[in-house]
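What's counted below: heavy atoms across the whole structure, side chains too, no hydrogens, waters or symmetry copies. Just so it is clear, the structure is predicted and the values come from calculations on it, not from any experiment.
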Amino acid sequence: MAKNRDTTLDFLLALDGYIYMEDDGHRAKFEVRLVEPSSEIPHGIRYNCTYHDKYNNRLIGFDNAH
């Protein structure tokens, strides 16, 4: 591993597929993938973070869809 490597990207990518469950059934879901950089995704990371209630209704979400 290179010196002074920024491990933030590795940490973010490690969240891919992670689901955080709360006792009441609410959950946060993470999807993070490397993609080919483009004008719409210049950093080369496609991400989606959503928060759902126990009935699977999406309450809030963040992503880089354009």
So do [Y] and [X] actually touch side chain to side chain, heavy atoms under 4.5 Å?
{"X": "Y51", "Y": "R58", "value": "no"}
{"X": "H43", "Y": "L9", "value": "no"}
{"X": "L34", "Y": "L13", "value": "yes"}

task = Decide yes or no on side-chain contact (heavy atoms from CB on, under 4.5 Å) for N48 and K29, but give the supporting numbers first.
result = CA-CA 8 Å; N48 185 359; K29 180 180 174 184; over 6 Å; no
query = Under the salt bridge (Lys or Arg N to Asp or Glu O under 4.0 Å) test, which residues partner E22, sequence neighbours left out?
reply = none
Nearest heavy-atom neighbours spanning [X] and [Y]:
{"X": "D16", "Y": "E31", "result": "OD1-CA, 3.4 Å"}
{"X": "N64", "Y": "I45", "result": "ND2-O, 2.8 Å"}
{"X": "L15", "Y": "F30", "result": "O-CB, 3.4 Å"}
{"X": "P42", "Y": "P37", "result": "O-CB, 3.6 Å"}

task = Please confirm whether the backbone N or O of I41 pairs with a side-chain atom of S38, one donor and one acceptor, at under 3.5 Å?
result = yes
ask   = If you round to the nearest 0.5 Å, how far is CD of E36 from CZ of R46?
value = 12.5 Å
inquiry  = Let me confirm one number: the NE2-NZ distance from H26 to K54, rounded to the nearest 0.5 Å.
reply    = 8.0 Å
Other cluster members, M21 - Ile/Leu/Val/Met/Phe/Trp/Tyr, side-chain contacts below 4.5 Å = I19
query = Would a hydrophobic clustering, with Ile, Leu, Val, Met, Phe, Trp and Tyr connected at side-chain separations under 4.5 Å, put F62 with L59?
reply = yes
